[in-house]
Number of protein chains: 2
Amino acid sequence: MVPLEAPGLRPIGKGDCATPRICQTPVPMDDVSLPRGFTAHVANVGIKDDTDDFVVVASDGPCVAAAVFTRSRFAGPSVEVSRRHVADGSLRAVVVVSKNANVATGARGRADAEELAAGVARAIGSEPDDVLVASTGVIGRPYPMDRIRSHLSELRTPFGTTDAAAAATAIMTTDTHSKVASARIPAAAGTATVVGIAKGVGMIEPDMATMLAFVFTDASVDRDLLDAMFRRVVERTFNSLSVDTDTSTSDTAAVLCSGAAGDVDPADLEAALGSVCLDLTRQLAADGEGAETLVVVEVDGARDDAQAKRVAKAVVNSPLVKTAVHGADPNWGRVAMAIGKCSEDTDIDQERVRIRFGDAEVYPDDPGPDGLARLEDYLRSDEVVIGVDLGIADGRWTVYGCDLTDGYVRINADYTT
Amino acid sequence: MVPLEAPGLRPIGKGDCATPRICQTPVPMDDVSLPRGFTAHVANVGIKDDTDDFVVVASDGPCVAAAVFTRSRFAGPSVEVSRRHVADGSLRAVVVVSKNANVATGARGRADAEELAAGVARAIGSEPDDVLVASTGVIGRPYPMDRIRSHLSELRTPFGTTDAAAAATAIMTTDTHSKVASARIPAAAGTATVVGIAKGVGMIEPDMATMLAFVFTDASVDRDLLDAMFRRVVERTFNSLSVDTDTSTSDTAAVLCSGAAGDVDPADLEAALGSVCLDLTRQLAADGEGAETLVVVEVDGARDDAQAKRVAKAVVNSPLVKTAVHGADPNWGRVAMAIGKCSEDTDIDQERVRIRFGDAEVYPDDPGPDGLARLEDYLRSDEVVIGVDLGIADGRWTVYGCDLTDGYVRINADYTT
């Protein structure tokens with residue numbers, strides 16, 4: 001097992017984590033193994049092409065679990081079924097079918113999702129309600145159930161791999177690369193590991209969870225404690241992510257704790273969950289459809305955190321701000337415009353607002369011609385931070401998004417049903 | 001004067017108007033004259049280049065007037081000054097400076113807006129608070145007041161033109177063509193004319209008014225009646241328009257009634273205002289930045305009109321729906337996704353929703369392969385109608401937008417401060 005402060009670990013971003021020693025993911029990510037007690041089955045069942053599209057991650061025994069889901073009124077059967085299955089705070093496995101969302105497929109879609117959970121439960125020797133089901137891809141098309149059924153009938157434990165990257169790759173749809181993050185914390189049995197995988201590039205403004213994200217740990221934790229800390233973590237990470245303001249019908253984020261590493265300090269676990277989910281959030285934002293730049297919007301000086309989040313989302317979602325970043329144009333007037341859209345926030349006073357790109361203030365202090373030229377260079381970086389100080393009180397929030405490029409339009413105008 | 005039902009008039013769109021005889025704008029639009037009593041001064045004062053950028057439209061005498069403005073917290077001095085000047089329901093002139101928004105320019109910007117109103121008032125022999133000021137263009141840069149001041153000092157009545165298209169052209173910033181609409185109604189003195197001009201291609205989700213739109217009429221009407229009917233009209237037209245979800249800091253829509261044509265039936269006037277503003281709304285949507293397709297989203301069967309509007313806006317604003325239209329991809333799953341985003345509307349039930357493209361239902365009735373091929377052709381039209389029936393009650397709303405193209409990204413990534 002890698003020690004807590006091993007070489008070859010990378011921090012996940014300046015100032016993002018209160019506990020730097022756990023804010024680390026190994027480089028390369030291919031080295032990340034699932035925590036003790038978890039194994040994965042990764043396969044191609046021919047949903048769309050010959051890439052891996054079927055994943056089960058299962059635990060040796062029951063796991064304390066928590067999950068959050070999309071609030072979409074067109075939520076799919078996977079979400080409906082999984083919401084029921086996680087209600088008792090206990091899961092043993094997650095099954096993911098990629099490249100078909102099984103959404104808007106009516107009664108048949110619901111029956112298919114139930115059959116999927118039952119088939120996995122039979123294979124691992126548990127009950128259907130121990131299995132969380134998730135699925136993303138094209139909407140409105142039924143699963144090829146003949147192929148899934150025949151695959152399920154041959155599914156046996158023990159599963160073949162503990163490679164987190166293999167599972168992360170198989171849940172992708174149009175992601176350009178897999179997303180894995182991990183952290184370690186002290187535990188009764190030495191060290192507990194927290195490993196997360198995620199996917200998603202478009203239709204991302206979760207508002208309840210991201211596309212798909214699963215976190216596995218061998219830490220032991222009380223179920224109510226886990227549920228509360230996971231919701232706090234999701235709010236500051238996946239719920240602070242926006243690629244295109246569209247919300248998927250399939251969003252799911254779940255955490256499973258096998259307990260194999262024994263008890264941990266809950267504060268350590270929350271920090272580790274936070275660092276893993278934030279790392280995944282940043283990876284998701286940076287891989288947004290057509291994205292060339294990770295855009296981080298930090299708002300402080302707000303009346304409260306909720307106002308800071310509202311303003312930050314208005315800025316990160318503004319197509320005019322996103323295209324300005326893409327064009328490396330330090331047009332801070334568009335940031336001012338986006339802040340101004342929060343018209344219900346009548347305590348926002350343009351005379352007290354300050355705006356900066358990176359560390360350079362642009363409003364009200366004019367950066368001048370030389371400053372603007374330097375800002376153009378800054379806006380060509382892989383990551384751009386837009387800072388807003390509302391000058392009201394101490395509320396603060398950070399959100400994560402990306403620039404808007406012709407690549408986004410091309411990808412989505414050409415994606416065929 | 002053109003009679004009510006002259007040849008060479010074009011209807012503004014199927015089913016959009018309850019009173020077809022007034023839903024007409026002359027073709028070509030260059031033939032539209034301002035109503036009796038109004039004249040225009042159109043000039044270049046060198047705000048940015050050598051195109052016309054300075055317009056005053058004034059009436060011979062006082063006008064009953066109403067106006068609505070952006071709710072942006074970064075509203076510019078033009079909006080602040082104009083809000084005050086229209087508060088008494090009376091105006092005599094509108095002055096528009098284009099290609100510089102005079103926004104986020106502090107105390108100097110406020111003084112400049114006041115000086116502009118005062119200069120125009122002096123020239124037409126009225127008070128500063130009879131003048132509405134409007135301005136759009138780059139944010140954060142002061143006016144070149146030396147040039148404006150010297151131009152104002154030479155401004156004299158009578159003004160040189162009554163050509164509505166000349167005024168419409170001079171208020172443009174990056175519009176690809178000018179926007180004019182007109183209608184006629186019976187009046188005590190024969191016929192009253194309603195003529196509107198508008199500009200705007202981006203930063204358009206007004207939520208209170210569009211970018212800039214001015215309607216002039218020689219009809220006579222009570223000021224409270226006018227204010228109420230104008231707000232109703234704006235709600236169904238400019239406030240139902242969205243190009244990119246961004247809201248300008250300068251949005252202004254105003255109506256000035258000289259009364260020269262005498263009394264009219266208020267219902268006729270409201271219908272004429274409605275037809276003129278709807279015509280301008282459709283022109284604005286069709287000329288959205290980079291737009292190739294006018295997208296009309298009609299929602300009915302809603303709990304109430306407000307719910308219908310919320311759902312319609314979710315669909316027309318979805319980047320994934322907009323890119324699907326651009327790619328002529330009948331991917332109705334994205335429309336379902338966008339409806340699903342209205343997560344507070346818990347009475348929306350995916351089992352009762354119906355979705356259509358044009359007249360062809362796509363959900364829940366599957367159009368089949370032949371139907372999909374026909375839909376691809378339909379989606380290549382200049383205007384695409386997406387219909388949603390929520391199956392709840394009788395609420396309905398129609399909104400107007402456009403597709404999202406690489407042209408939008410190119411325009412906005414390259415627009416320089």
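Keep in mind the model is a prediction, meaning the values are calculated, not measured.
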Shorter than 4.5 Å, heavy atoms on both sides: which option in B:Ala328, B:Gly140, B:Ser318, B:Ala336 has the most such pairs with chain A?
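Most heavy-atom pairs under 4.5 Å with chain A: B:Ala336.
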Under a 4.5 Å cutoff for heavy-atom pairs, which residue among B:Ala75, B:Ala101, B:Ala314, B:Gly407 has the most contacts with chain A?
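Option with the greatest count: B:Ala75.
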Please classify the contact of B:Asp366 with chain A as side chain, backbone, both or neither, using a heavy-atom distance under 4.5 Å.
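Neither; nothing under 4.5 Å.
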Below 4.5 Å from any heavy atom of chain A, which atoms of B:Val325 appear? Answer side chain, backbone, both or neither.
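Answer is neither: B:Val325 stays 4.5 Å or more from chain A.
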Look up atom [atom1] in [X] and atom [atom2] in [Y], then write down how far apart they are to the nearest 0.5 Å.
X	Y	atom1	atom2	value
B:Asp349	A:Phe74	CG	CZ	8.5 Å
A:Thr405	B:Arg410	OG1	CZ	12.5 Å
B:Asn331	A:Ile139	CG	CD1	7.0 Å
B:Asp406	A:Asp406	CG	CG	6.5 Å

Determine, stepwise, if the pair A:Asn412 / B:Arg334 fulfils side chain to side chain contact (heavy atoms under 4.5 Å, CB included).
CA-CA 11 Å; A:Asn412 286 301; B:Arg334 295 186 182 179; 3.6 Å; yes
Check this for me: does any side-chain nitrogen of one of A:Glu351 and B:Arg73 sit under 4.0 Å from a carboxylate oxygen of the other?
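The answer is no: the pair does not qualify as a salt bridge.
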Return the minimal non-hydrogen interatomic distance between B:Val409 and A:Val409, and the atom names on each side.
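Looking at all heavy atoms of both residues, the closest pair is CG2-CG2, 3.9 Å.
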Is B:Thr70 close to A:Lys341 at the side-chain level, that is, under 4.5 Å between some pair of heavy atoms?
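Result no, sub-4.5 Å side-chain heavy-atom pair not found.
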Heavy-atom proximity to chain B below 4.5 Å, by part of A:Asp403:
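Neither part.
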Chain B contact via A:Val103 - side chain, backbone, both or neither, heavy atoms under 4.5 Å
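A:Val103 has no heavy atom closer than 4.5 Å to chain B.
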Is the count of non-hydrogen atoms from other residues, nucleotides or ligands lying under 6.0 Å from A:Asp382 atom CG greater than 12?
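Count not over threshold, so no.
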Would you say B:Arg83 has more than 12 foreign heavy atoms packed within less than 6.0 Å of its CZ?
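For B:Arg83, atom CZ is crowded (more than 12 foreign heavy atoms under 6.0 Å).
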